[in-house]
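Order of appearance sets the numbers: ligands from 1, and atoms from 1 within every ligand.
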Amino acid sequence: MSQIFDTIIIGGGPAGLSAGLYAARSRMKTLIIERAKYGGQATTTDELENYPGSIEDCTGTSLSQRMRKQAEEFGTEFLKDEVVDVQLDGDIKTIKCRKGEYQAKTIIIATGATPRLGGFKNEIELRGKGVSYCATCDADFFTDLDIAVIGGGDSAITEAIYLAKFGETVTVIHRRDSLRAAKSLQEKAFNNPKIKFIWDSIPLEAKGEEILESLLIKNVKTGEETELPVNGCFVFVGYLPISELFKGKINMTERGDIITDEEMRTNIPGVFAAGDVREKSLRQVITAAADGAIAATNAEHYIEGNLH
Ligand code: NAP
């Protein structure tokens, strides 16, 4: 791969795969670099009921596989490697990976986001021993057992509904007394006899020697502390952008969200960002895919001199 690509896309989630499809369809020489699993966070969800057309057995993984295949069929090249440094100034940009160096006229950053930690005692120590951040990965371990879910957003409620297919009980622990999740998800959760709620509460500590045995919970209104016996604790308290590589090189918010305009342009000419890594209000597979399409189209316009 010593030639110069028209575009290198960093990240193979829905934003990157969609960018790959659009770029390759425009006959751009396109490379997607992914360090882990194609599909990104979408692969950690079992149901994707709000992606248009994704009915009947459409999981995050199956949709991602189809997206990848489609991009490949149009000529996108794929590389499994981890980007360790980037040089983004000038007409030709250089992407340094663990195993090699690649050059391109444009870069599309689609590195996505990673789960935030719940911030309670022993969370890290009991990670993989009862504490988890991925229901599709770990739900099976908790068949007929008691599960807690931390958070009140779309992720927490989507995954609580999924986990209820496995666990004996699912207790959602939320720091307020109303959920942030979409109303349709709330209705499903409230109507599920296995799902219970503990409001106005946060976990203080995961307890257990070798494996999780209980959660110490504090009611933030009354200050009362109680212990909830659970075997599994799934934490869904939001996500943080994966943008460390670009710190000091690209404009971003304090949190690390890369700032773009609506054409997905960053402040560096020829460098675009798409999906959950950029500052935006609605982080969904559909908005990530849309971002990717816009970024790739504008990367082509940039190369042709029609976009600055
Ligand atoms: P989110 O919308 O930011 O919600 C995070 C939840 O965790 C909130 O309920 C928040 O409470 C709570 N929280 C935050 N910090 C906490 C802490 N330190 N301790 C306890 N609770 C804490 O995150 P998300 O649910 O992961 O969703 C991220 C994005 O992906 C959103 O844009 C969401 O719409 C999207 N998404 C969509 C779907 C879907 O459409 N099916 C599925 C998954 C994710 P407060 O409510 O009090 O702030």
* Aromatic plane relationship, F78 with Y38 - under 30° parallel, 30 to 60° tilted, over 60° perpendicular -> perpendicular

Would [X] and [Y] pass as an ion pair if we require N to O under 4.0 Å?
| X | Y | answer |
| --- | --- | --- |
| E244 | K247 | yes |
| K165 | D140 | no |
| D6 | K29 | no |

* Asked: Side chains of R278 and T260: do they bring a donor and an acceptor to under 3.5 Å?
  -> yes

Distance dump, ligand 1 polar atoms to protein, N/O, under 3.5 Å:
unit_1	atom_1	unit_2	atom_2	d
ligand 1	9 (O)	G152	N	3.0
ligand 1	9 (O)	G153	N	3.2
ligand 1	11 (O)	R175	NE	3.1
ligand 1	11 (O)	R175	NH2	3.4
ligand 1	25 (O)	D154	N	3.2
ligand 1	25 (O)	S155	N	2.9
ligand 1	25 (O)	S155	OG	3.3
ligand 1	26 (O)	S155	OG	2.6
ligand 1	30 (O)	R283	O	3.1
ligand 1	32 (O)	R283	N	3.4
ligand 1	34 (O)	D154	OD2	2.6
ligand 1	34 (O)	Q284	NE2	3.1
ligand 1	40 (O)	N50	ND2	2.5
ligand 1	40 (O)	Q284	OE1	3.1
ligand 1	40 (O)	Q284	NE2	3.3
ligand 1	46 (O)	R176	NE	3.4
ligand 1	46 (O)	R176	NH2	2.7
ligand 1	46 (O)	R180	NE	3.0
ligand 1	46 (O)	R180	NH2	3.4
ligand 1	47 (O)	R175	NE	2.9
ligand 1	47 (O)	R176	NE	2.6
ligand 1	48 (O)	R175	NH2	2.9
ligand 1	48 (O)	R180	NE	3.4
ligand 1	48 (O)	R180	NH2	2.6

* Structure fact -> Value for OG (S132) from CG (L126), rounded to nearest 0.5 Å, stands at 12.5 Å

